[in-house]
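So you know, we letter chains A, B, ... as the sequences are listed, proteins then strands, and number each from 1.
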2 protein chains.
Amino acid sequence: MAEATFKNINTHAIEIDSYLRVALSVDCVIFGFDEHELKILLIRSDLTEFKNKWTLLGDLVRPDEDPDKAAYRVLRDRTGLKNVYLEQVHTFGKPGRHPAGRVVTIAYYSLVNIEKVKLTTLAHELHWHPVKDIRQMAFDHRQIFDTCFQQLQTAVLDRHVGFGLLPPKFSLSKLQRVYEAILGETLDRRNFRKKILAMDILEDLEEIETNVSHRPGKLYRFKGRINQKFC
Amino acid sequence: MAEATFKNINTHAIEIDSYLRVALSVDCVIFGFDEHELKILLIRSDLTEFKNKWTLLGDLVRPDEDPDKAAYRVLRDRTGLKNVYLEQVHTFGKPGRHPAGRVVTIAYYSLVNIEKVKLTTLAHELHWHPVKDIRQMAFDHRQIFDTCFQQLQTAVLDRHVGFGLLPPKFSLSKLQRVYEAILGETLDRRNFRKKILAMDILEDLEEIETNVSHRPGKLYRFKGRINQKFC
DNA sequence: CCAAAAGTGTTACAATTACACCCATGA
DNA sequence: TCATGGGTGTAATTGTAACACTTTTGG
């Protein structure tokens, strides 16, 4: 079992043979919030193994590209957006997970303001899918989605990342709907407002909604960054 | 910017050129608990760039090896242990992080019962370091350690993973010392006991400590698995 | 004036914190 | 008998959960 010494990459200068290398990709679960519903952005695969199955947006990480940057690149290319919330979640690397050979993928989720997303191309039926309708997906993407969605549910309570799904100005009701969509449960309006306002993370813009056929809500802005992980 | 279509690995059958491949490693932050202190297992690097700096235990992931399995392999080879708590934390892949070229590493932390660890070889001064003494490390290993330690601090409260550091039978005081060592703060004894016992995750073994020069504590066993992620 | 959603406080309950004395053992 | 850590309960505080009516707007 244990030999006298281990030669490895942390302790010794070692040649990394080509056969030891793997392809590295990033896959992004891009969440958007459409009035009342959480959605993710998907395209169809053309691979014979997964013909017509839905897949996440991803790409190979380029030589000398930081994986985080690669994920931002995918987002920018697909949504036109630059300043979005992005968080690395988990790396999936089971052998056989990809028909093209050994492809290890780093999964990210990101939160975008869906109104700002201009889908510049609808190639491969790129479009938004309600989270509640997600069934089978290509590769292990269903598992990746599940992991990312769980992470989002934790993060919205712990770190209040939900603001990433909203425009800069929003009413408390919109914010509540975001929390409800992510958590999949309804929340008490008074308790929600109390809690959020007590956190002192919102700035009252002294403005109200317009063109709503009911009493307009006050508008707020999220103070500071959602967390340190912006690009 | 956005082209009409993107050819990528999720949608098209693509040749993965060799230059797109990277070396993939795993690095393990192996935590042990030595009476009153949290420690991690480190060795010294021989690489000229990091001569005599401390490094985590890691290795290249083998062709067709599941990264999780690779992490278990590293643990088994270095500690002789098989059934340990292991959790993937984050993947670090900044270009330039490793002098051998493009090496992307998946970081794990693991929790072992330090009494069971027989360091079969002391090559490269393999030994336990108090967490509080950790300073500089080779590569980006200091950052990896910080990330894993933070994760552990969250996990011990959320998922009570701390049991992984203890032998099967332990007293409540030992358990409390584990929590205190991980969190870096002292806890109230009565409140701690109340909380842990209320969770109904401990089995009273109807045994007591022996050979202690004070009133012996009752021994308990952790019911069920720490979480689903055992090997 | 009707429909729709905004705004607002109080009370009950649960969880957390703070805190001090006696007990069992080995030396 | 002394030193050491084990074992135990209660009261105060804080946080969470439940709950209903009035207001403002557009149609």
- Taking atom P of D/dT25 as reference, at what distance in whole Å does atom NE2 of A/H214 sit? 12 Å

- Task: Flag the pair B/W54 / B/H141 as yes when their ring centroid distance falls below 6.0 Å, and as no otherwise.
- Result: no

- Query: D/dT25 C1' sits how many Å from A/K218 NZ, rounded?
  - Reply: 17 Å

- Item | Neighbour count above 12 (heavy atom, 6.0 Å) for A/E203 CD | yes

- Query: Rounded to whole angstroms, how far apart are CG on A/N191 and P on C/dA14?
  - Reply: 15 Å

- Interatomic distance where CG belongs to A/L157 and P belongs to D/dG15 [whole Å]: 17 Å

- Query: Nearest-Å distance, CZ (B/F192) to C1' (D/dT8)?
  - Reply: 16 Å

- Rounded distance in Å - CZ (B/R193) to P (D/dG5): 14 Å

- Given DNA chain C, 5'-ward residue of the pair A/S213 and B/K194, judged by closest heavy atom: A/S213

- Message: Mind checking if B/D188 touches a base, just sugar-phosphate, or nothing, with heavy atoms under 4.0 Å?
- Response: base

- Nearest whole angstrom, please: distance from the C1' of D/dG26 to the CD of A/E209. 13 Å

- Residue pair B/Y179, B/H160: steps toward the side chain to side chain donor-acceptor pair (under 3.5 Å) verdict: CA-CA 9 Å; B/Y179 279 70; B/H160 298 281; 2.6 Å; yes

- Could you tell me whether the side chain of A/R190 has a donor or acceptor atom within less than 3.5 Å of a complementary atom in the base of D/dA20? yes

- Query: Does a donor on one side chain and an acceptor on the other come within less than 3.5 Å for A/N113 and A/K116?
  - Reply: no

- Does C/dA5 have OP1 or OP2 sitting under 4.0 Å from an N or O in the side chain of A/S173? no

- Report the distance from atom OH of B/Y220 to atom P of D/dG6, rounded to the nearest whole Å. 12 Å

- Side-chain-base donor-acceptor pair under 3.5 Å for B/R189 and D/dG6: yes

- Task: When you get a sec, tell me which of C/dA4, C/dA24, D/dT24 is the closest nucleotide to the side chain of A/R215?
- Result: D/dT24

- Taking the nucleotide of DNA chain D with the closest heavy atom to each, which residue, A/P216 or B/P216, is nearer the 5' end? B/P216

- Message: For B/Y220 and B/F170, I'd like to know if the aromatic rings sit close, meaning centre-to-centre distance below 6.0 Å.
- Response: no

